[in-house]
Peer 1: 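Structure in structure tokens, see below.
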Amino acid sequence: MPSPFLWGVASSALQVEGALTEDGRTPSIWDDFHRRPGAVRDGHSPAEACDHYHRWAEDVELLGRLGVNAYRFSVSWPRVVPRGRGPVNKSGVAFYDRLVDALLERGIEPVPTLFHWDLPVELEEAGGWSARETAHAFAEYAAATADALGDRVRRWITLNEPVVHMAYGHAFGIHAPGRVLDVPDVLAVAHHQLLAHGLAARELRSRGLEALLTNNYSPVEPASDSPADRAAADAYDALHNRLFTDPVLFGAYPDLSAFGAGEVPGAREGDLELIAGSVDGLGVNYYNPSRIAAPAEGSGLPFDFAEVTGAPTTAFGWPVAPEGLERLLLLLGERYGDALPPLYVTENGCSQTDAVTPEGRVHDPERIAYLEGHVAAVDRARERGADVRGYFVWTLTDNFEWAEGYHQRFGLVYVDHTTQRRVPKDSFDWYRGLIAARR
Ligand code: FCB
């Protein structure tokens, strides 16, 4: 029997769990990075986040009320394998064990992500993603986690948005680990993440499990028809949309010559063969399209960002363009043809300036409009042949939004970050109704 379409929500460990020093968890790069002056807006800390580590049962209740049939969460590497490598931490595993069982009891498929940016600090100190060994450490951790949960979990996501982790964490320095590397070293970070995915996928598949890779995708449009803007748009497209997808689907890197890169540093013989064909599904995180212009004189990059005009924006300032999601899902089909596995929209959502009314309600009509528009875009893409098997809203509870701290509220559930009180927003009821009508 074919699996039903997955209607879900997504979250990640560092953004919701808190309990950073409990039950044997060791620090991740975000535990360190957020303490750097200016790294996170207003010095917000992930130490408590949504206290999901203690309130998981309440959160699973909320998922049950919402009616989702899938929940995408991430496993904290430093909780399960403290220090990144070596023995498995039984209490760390026990947390995910309980979570998985509670989800299954409610008919909710657990869809774990193995790496959502919380690298154990000790691995960072040994070179982080600049070191090839990190890929092997990841595969060991993936194997151990699959051994613990693989009897109940079928679909696994290896990495979340390696392109963002690479660029924000290792080129722009605005996410952990806050490094600002040169282009060749940034590409080595890309390669080691891809290798990590390939090695982990091999572990998962050898256990009869499915391996997915989730990336951030953004359909690219040149700021004008000029050859310079079009070349810049192609360069950005290669970096943002193709760098982590061509190797897994075509077994080759895209043309990176605009970045002055011939060979991708760190790639060894056999690596691309391992990486090629290593996905049973592609996770697509979509928030907004990009408009790209030729770089200003003296820029170190072959592109520049131009404003997407004529679209409303979210609280984050991101343009709202649901048709971009339809375009993207169809583009992936055109680009990769038979090599493209089933697609899952593993994140989509928006931050808004939500507030609780005196009656205890949270009215978020903009979020409802955003989600409605994007679900309709998925519907249209499917009608036109895109093989989309699931849609996950980012996110269940307002949480720690990386460098923005608690300033961006993306949740279907409002969280008072002082009391941890959860208040389902109007969008929660809207999504519940949609799922009930569709399932
Ligand atoms: C994505 C991240 C996710 C969340 C959303 C808003 O890039 O994967 O953790 O922060 O953006």
Side-chain angles (χ1 to χ4, degrees), residues 8-18 28-30 33-34 39-41 44 46 49-50 52 71-77 111-119 157-172 174-176 193 197 212-219 239-241 243-244 282-290 305 313-321 324-325 328 344-354 364 366-367 370-371 374 390-413 415 417 427:
V9 288
S11 72
S12 93
L14 195 278
Q15 292 178 276
V16 300
E17 284 180 2
S28 82
I29 51 176
W30 273 94
F33 179 74
H34 88 270
V40 175
R41 222 171 125 190
H44 286 173
C50 302
H52 171 74
Y71 177 49
R72 176 180 176 228
F73 59 95
S74 87
V75 176
S76 160
W77 187 347
V111 183
T113 303
L114 286 162
F115 180 66
H116 202 124
W117 305 349
D118 48 356
L119 191 75
I157 298 168
T158 55
L159 310 177
N160 177 68
E161 297 191 354
V163 70
V164 174
H165 190 53
M166 171 195 82
Y168 286 28
H170 300 81
F172 304 144
I174 54 177
H175 277 185
Q193 287 189 86
H197 159 79
L212 279 63
L213 175 63
T214 277
N215 232 313
N216 186 291
Y217 292 93
S218 179
L239 186 76
H240 193 96
N241 293 317
L243 178 58
F244 290 92
L282 204 61
V284 173
N285 292 356
Y286 172 78
Y287 290 92
N288 52 257
S290 303
F305 295 100
T313 52
T314 69
F316 220 140
W318 297 353
V320 178
L325 178 55
L328 171 66
Y344 297 84
V345 177
T346 39
E347 283 181 29
N348 177 238
C350 65
S351 67
Q352 299 294 348
T353 44
D354 303 315
D364 56 345
E366 299 92 348
R367 180 172 294 102
Y370 181 101
L371 297 173
H374 287 76
Y391 174 85
F392 294 73
V393 171
W394 182 269
T395 181
L396 180 68
T397 47
D398 292 338
N399 59 42
F400 179 77
E401 178 49 37
W402 311 113
E404 287 287 306
Y406 297 100
H407 286 292
Q408 306 296 341
R409 295 184 173 275
F410 277 89
L412 297 174
V413 176
V415 176
H417 294 298
S427 56

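Heads up: numbering here begins at 1 and tracks the sequence. Atoms within each ligand, like the ligands themselves, are counted from 1 in listed order.
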Peer 1: Restricting to side chain to side chain donor-acceptor pair (under 3.5 Å), what partner residues turn up for Asp118, sequence neighbours left out?
Peer 2: none

Peer 1: Tell me, please, which residues at least two apart from Glu347 pass salt bridge (charged side-chain N to carboxylate O under 4.0 Å, His left out).
Peer 2: Arg72

Peer 1: Let's go through Asp354 and Arg367 carefully: what are the C-alpha distance in whole Å and the side-chain angles of both, what is the deciding distance for salt bridge (charged side-chain N to carboxylate O under 4.0 Å, His left out) to 0.1 Å, and is it a yes or a no?
Peer 2: CA-CA 10 Å; Asp354 303 315; Arg367 180 172 294 102; 3.0 Å; yes

Peer 1: I'd like the contact residues of ligand 1, where contact means a heavy atom below 4.0 Å.
Peer 2: Gln15, His116, Trp117, Asn160, Glu161, Tyr287, Glu347, Trp394, Glu401, Trp402, Phe410

Peer 1: Run the ring-ring contact (aromatic ring centres under 6.0 Å, His included) test against His34 and tell me which residues pass, sequence neighbours left out.
Peer 2: none

Peer 1: Hey, could you give me the CD/CG distance between Glu161 and Leu213, rounded to the nearest 0.5 Å?
Peer 2: 10.5 Å

Peer 1: Working to the nearest 0.5 Å, report the span between CG of Leu212 and CG of Leu282.
Peer 2: 7.5 Å

